[in-house]
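In the text below, chain A, chain B and the rest are named by the order of the sequence lines, each starting its count at 1. We use all heavy atoms of the structure for the numbers below, so side chains are in, but hydrogens, waters and symmetry mates are not. Being a predicted model, the structure only gives us computed values, none of them experimental.
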There are 2 protein chains.
Amino acid sequence: MHQHNCVSLVPLFSQLSEQEQDTVNSIVHQHHYQTGETIFAAGDSMDALMIIASGQAKVFQLASNGKEQLLHLLTAGDFDGETALFSQAKHNSFAEALMPTMICQINRTEFQQLMQKYPTISLNLLNELGRRMTELEKRTTQTSTSSVESRLADYLVETSAQFGKNDFKLPLKKKDLATYLGTTPETISRKLGELERNGLIEQTGSKQICIVDQEALEML
Amino acid sequence: MHQHNCVSLVPLFSQLSEQEQDTVNSIVHQHHYQTGETIFAAGDSMDALMIIASGQAKVFQLASNGKEQLLHLLTAGDFDGETALFSQAKHNSFAEALMPTMICQINRTEFQQLMQKYPTISLNLLNELGRRMTELEKRTTQTSTSSVESRLADYLVETSAQFGKNDFKLPLKKKDLATYLGTTPETISRKLGELERNGLIEQTGSKQICIVDQEALEML
DNA sequence: CGAGGTGTTGACTGCCCTCAAACTTTGTGG
DNA sequence: CCACAAAGTTTGAGGGCAGTCAACACCTCG
């Protein structure tokens, strides 16, 4: 069987030599998930670090009223489960594949040995956790201080920057985008319409967005 | 001068021997801040890890419209600035002392050397970052899925649990509590009044709260 | 082609934010 | 230790943003 090499893809291990990466690769367990399939659920015990080799997954929580809150969008090279590496805790969130997705897992104990052997790994972990923390802090601040319109505008500008062009396809269903921005699909739909009517964007196709007036968007 | 020993207070260094802690203590710089004094501001360059030796500080962001969002409340033993340890970045948030507060700083380069020498430090850091991440994720979910009333109820229950008794004094001004929960002082005031009228709590004095019906609070 | 999930549009409602004024607590200097 | 100023809190009135509900249109994919 052709074993896809997760390890070389991941920034987490990028500073290791090729030989060291092989070592890591040998203790990795692979899993494949289909679109819509659950990767883990709240309540599951966490005992491994998960790395996205290919595909895309969403991490979200469910409130007691059943509402969904999207916390992170994971793409190739991203990982999750780091809080599990020390405390033998349960997942407090869900993860679901948004497309056919390959996941590499490393058991807690094995990963702990890795970190002892190669200290740069834990530094990389710290780095990435910090980055994600900063991102979440920003989003938290925005959700409780700004209007949906400006959050959406900000999201569009940032996403377009990631793609490096004004014309791009939303990487999320609007349903998920809504919970990501802390609002509802209906409101997203309306606000996008409003932005279009005001000449700031154009909706060329399903999920296809073109930014017309970036400055005005940033102004919100 | 009597040098307050920060290091022994901090879980971060708790696994080090007494002698090793002394070493760490020798590279620590101390600063004292008065109530209301700014510890760092957004835009300041980050070049040190900060540890609260005694006192209390709030970490918050300012939105473009001037609104404040409280992100973390730091008390003795907590630290901040970990994202600064690798990337030579700027602070994106503010920190302000809420009472006379003693802070211990360790420079980036010196702390990096420490982490190389004592790998358990970075593991402790990871642990704490994960904890804080989990906490923020929960709060984010709550702010965009639940009503102010239930967020407040949840906060009261959790805070009472921290103190270990039903009768306690709010550790924050209501103004700050409001931005912590993503609302306004007026709304906090009203909701507390409502909870009291419904017999779930009692407001015995300024900031003094007594939980009467914990079950009903958790129900929200 | 049909079915289920997804997106759109409209009408309505309500939570909570805003503004403003009175009252209370805090803390500081005389 | 008191007095007074500044900050924080409470209460009321009013309005707006966005959530809810419902019906319909639209994809996407068996």
Using only side-chain N and O atoms of [X], determine if any of them is under 4.0 Å from OP1 or OP2 of [N].
| X | N | answer |
| --- | --- | --- |
| A/Lys173 | C/dT6 | yes |
| A/Ser206 | D/dC27 | no |
| A/Lys174 | C/dG7 | no |
| A/Thr187 | D/dA18 | no |

Sugar-phosphate only, base, or nothing, as touched by A/Thr183 at under 4.0 Å among non-hydrogen atoms | sugar-phosphate

Looking across every strand, which nucleic acid part, if any, lies under 4.0 Å from B/Glu186 by heavy atom: base, sugar-phosphate, or nothing?
-> base

If the plane angle is over 60° it's perpendicular, under 30° parallel, otherwise tilted; pick one for A/Phe94 and A/Phe60.
-> parallel

Indicate the ring-plane relationship of B/Phe40 and B/His91, choosing parallel, tilted or perpendicular according to the 30° and 60° boundaries.
-> parallel

Take the protein atom [atom1] of [X] and the nucleotide atom [atom2] of [N], then report the distance between them rounded to whole Å.
| X | N | atom1 | atom2 | answer |
| --- | --- | --- | --- | --- |
| B/Ile188 | C/dT18 | CD1 | P | 14 Å |
| A/Leu170 | C/dG7 | CG | P | 10 Å |
| B/Leu192 | C/dT24 | CG | P | 18 Å |
| A/Glu68 | C/dG5 | CD | P | 14 Å |
| B/Gln208 | D/dG8 | CD | P | 20 Å |
| B/Arg151 | C/dC15 | CZ | P | 13 Å |
| A/Glu149 | D/dG19 | CD | C1' | 17 Å |
| A/Gln203 | D/dC26 | CD | P | 15 Å |

What nucleotide among [options] has an atom nearest to a side-chain atom of [X]?
| X | options | value |
| --- | --- | --- |
| B/Ser189 | D/dA18, D/dT11, C/dC17 | D/dT11 |
| A/Ser147 | C/dT25, D/dA18, C/dT18 | D/dA18 |
| A/Arg190 | D/dT20, C/dC16, C/dG7 | D/dT20 |
| B/Lys191 | C/dT25, C/dC16, D/dT10 | C/dC16 |
| A/Lys67 | D/dT10, D/dG19, C/dT6 | D/dG19 |

Side chains of [X] and [Y] only: does a donor on one sit below 3.5 Å from an acceptor on the other?
| X | Y | answer |
| --- | --- | --- |
| B/Glu135 | B/His72 | no |
| B/Thr143 | A/Ser144 | no |
| B/Glu196 | B/Gln203 | yes |

